[in-house]
*Asks:* 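Just passing along the structure, written as structure tokens.
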Amino acid sequence: MGIRKGMVAAALSVGAGVTVLPAAPAWAANSECTVQNFWTTCSTGTLSAVNGWIDVTTFESYIGNPLCDASEIRWKVVDATNGHVVGRGTGATNRWRISGLTNSYYGRLDNCPRMTIRIHNS
């Protein structure tokens, strides 16, 4: 058996017990930011609304802020192409869906430190 055929046979025998699972869609993503100490704002990275929607989650970070409460969170989702605000809200939210979207978007917090926003399209 030649070297090449032997390498192919070895590769096939190694992979014989492997289960192949479908991968998550390549466009599924999330991005988050936490307002740092001595700051009052932060912005996430930009995500495409591939499925026509972006989900928003906001919460107080794991090290709480004694000066602010999660109910004081002020968030918005902004169209990265034209700067229009497509959604906004206040307080902590488990999952807020903004639908009917076609561009790329980012999330932004405008409040006190140690609050977090996460946007996701999966």
Side-chain angles (χ1 to χ4, degrees):
M1 183 182 319
I3 293 175
R4 258 189 195 189
K5 287 184 181 176
M7 289 172 57
V8 170
L12 289 174
S13 67
V14 168
V18 175
T19 302
V20 178
L21 298 174
W27 59 84
N30 67 64
S31 182
E32 73 177 41
C33 72
T34 300
V35 179
Q36 300 301 311
N37 287 331
F38 311 111
W39 290 84
T40 58
T41 189
C42 74
S43 295
T44 68
T46 302
L47 295 182
S48 296
V50 176
N51 298 315
W53 50 263
I54 295 284
D55 282 343
V56 179
T57 304
T58 57
F59 54 93
E60 185 174 15
S61 68
Y62 304 107
I63 302 171
N65 184 336
L67 303 176
C68 295
D69 185 76
S71 66
E72 298 176 65
I73 292 173
R74 290 188 319 269
W75 62 267
K76 59 186 166 187
V77 174
V78 181
D79 186 317
T81 306
N82 59 30
H84 291 120
V85 175
V86 297
R88 66 175 68 229
T90 59
T93 179
N94 241 354
R95 187 175 202 158
W96 186 270
R97 179 162 286 177
I98 302 168
S99 56
L101 304 178
T102 58
N103 290 327
S104 294
Y105 303 86
Y106 65 89
R108 180 176 170 98
L109 286 181
D110 294 310
N111 64 314
C112 33
R114 299 185 184 161
M115 302 300 167
T116 301
I117 183 171
R118 178 183 302 131
I119 62 171
H120 36 108
N121 64 5
S122 57

*Asks:* Find out if a path of hydrophobic residues (ILVMFWY) with successive side-chain heavy-atom gaps under 4.5 Å connects Val35 to Ile73.
*Replies:* yes

*Asks:* Using the rule that Ile, Leu, Val, Met, Phe, Trp and Tyr join whenever any side-chain heavy atoms are under 4.5 Å apart, tell me whether Ile117 and Trp39 fall into a single cluster.
*Replies:* yes

*Asks:* Taking Asn121 for the side chain and Ala29 for the main chain, is one N or O donor matched with an acceptor at less than 3.5 Å?
*Replies:* yes

*Asks:* My understanding is that only residues two or more places apart in sequence, or in another chain, count here; which of them pass side chain to side chain contact (heavy atoms under 4.5 Å, CB included) with Thr90?
*Replies:* Arg74

*Asks:* Indicate if Val78 and Val86 have the same hydrophobic cluster label, given that clusters are the connected sets of ILVMFWY residues with side-chain heavy-atom separations under 4.5 angstrom.
*Replies:* no

*Asks:* What is the distance from atom OG of Ser43 to atom CG of Asp110, rounded to the nearest 0.5 Å?
*Replies:* 7.5 Å

*Asks:* Distance-only, no hydrogens or angles: does the Thr81 side chain make a donor-acceptor pair with backbone N or O of Ser104 under 3.5 Å?
*Replies:* no

*Asks:* For Ala70 versus Glu60, what's the shortest heavy-atom pair and its separation?
*Replies:* CB-CB, 4.1 Å

*Asks:* Using the rule given for side chain to side chain contact (heavy atoms under 4.5 Å, CB included), can you reason through Asp55 versus Thr57, listing the C-alpha separation, both sets of side-chain angles and the distance that settles it, and then say yes or no?
*Replies:* CA-CA 7 Å; Asp55 282 343; Thr57 304; 5.6 Å; no

*Asks:* With sequence neighbours left out, what residues match Thr40 under side chain to side chain contact (heavy atoms under 4.5 Å, CB included)?
*Replies:* none

*Asks:* Provide the closest heavy-atom pair for Thr34 versus Gln36 in the form atom of the first, atom of the second, distance.
*Replies:* O-NE2, 3.0 Å

*Asks:* Going hydrophobic residue to hydrophobic residue with side-chain gaps under 4.5 angstrom, can you get from Leu109 over to Ile98?
*Replies:* yes

*Asks:* A quick test of your reading: do over 12 heavy atoms of other residues, nucleotides or ligands sit less than 6.0 Å from CH2 of Trp53?
*Replies:* yes

*Asks:* So which heavy atom on Ile54 is nearest to which on Tyr105, and how close?
*Replies:* CG1-CD1, 4.2 Å

*Asks:* Just how far is it from atom NZ of Lys76 to atom CZ of Arg88, taken to the nearest 0.5 Å?
*Replies:* 5.5 Å

*Asks:* Decide side chain to side chain contact (heavy atoms under 4.5 Å, CB included) for Thr93 and Arg95; before the verdict, give the C-alpha distance in whole Å, the side-chain angles of both, and the deciding distance to 0.1 Å.
*Replies:* CA-CA 6 Å; Thr93 179; Arg95 187 175 202 158; 5.7 Å; no

*Asks:* Considering non-hydrogen atoms only, spot the tightest contact between Pro113 and Phe38 and give its length.
*Replies:* CG-N, 4.0 Å

*Asks:* With Cys33, which of Thr44, Thr116, Thr41 fulfils side-chain contact (heavy atoms from CB on, under 4.5 Å)?
*Replies:* Thr44

*Asks:* Suppose we screen for side chain to side chain contact (heavy atoms under 4.5 Å, CB included). Which residues come up paired with Asn82, at least two apart in sequence or across chains?
*Replies:* Asp79, His84

*Asks:* So if you build clusters from Ile, Leu, Val, Met, Phe, Trp, Tyr with side-chain heavy-atom gaps below 4.5 Å, do Trp96 and Met115 land together?
*Replies:* yes

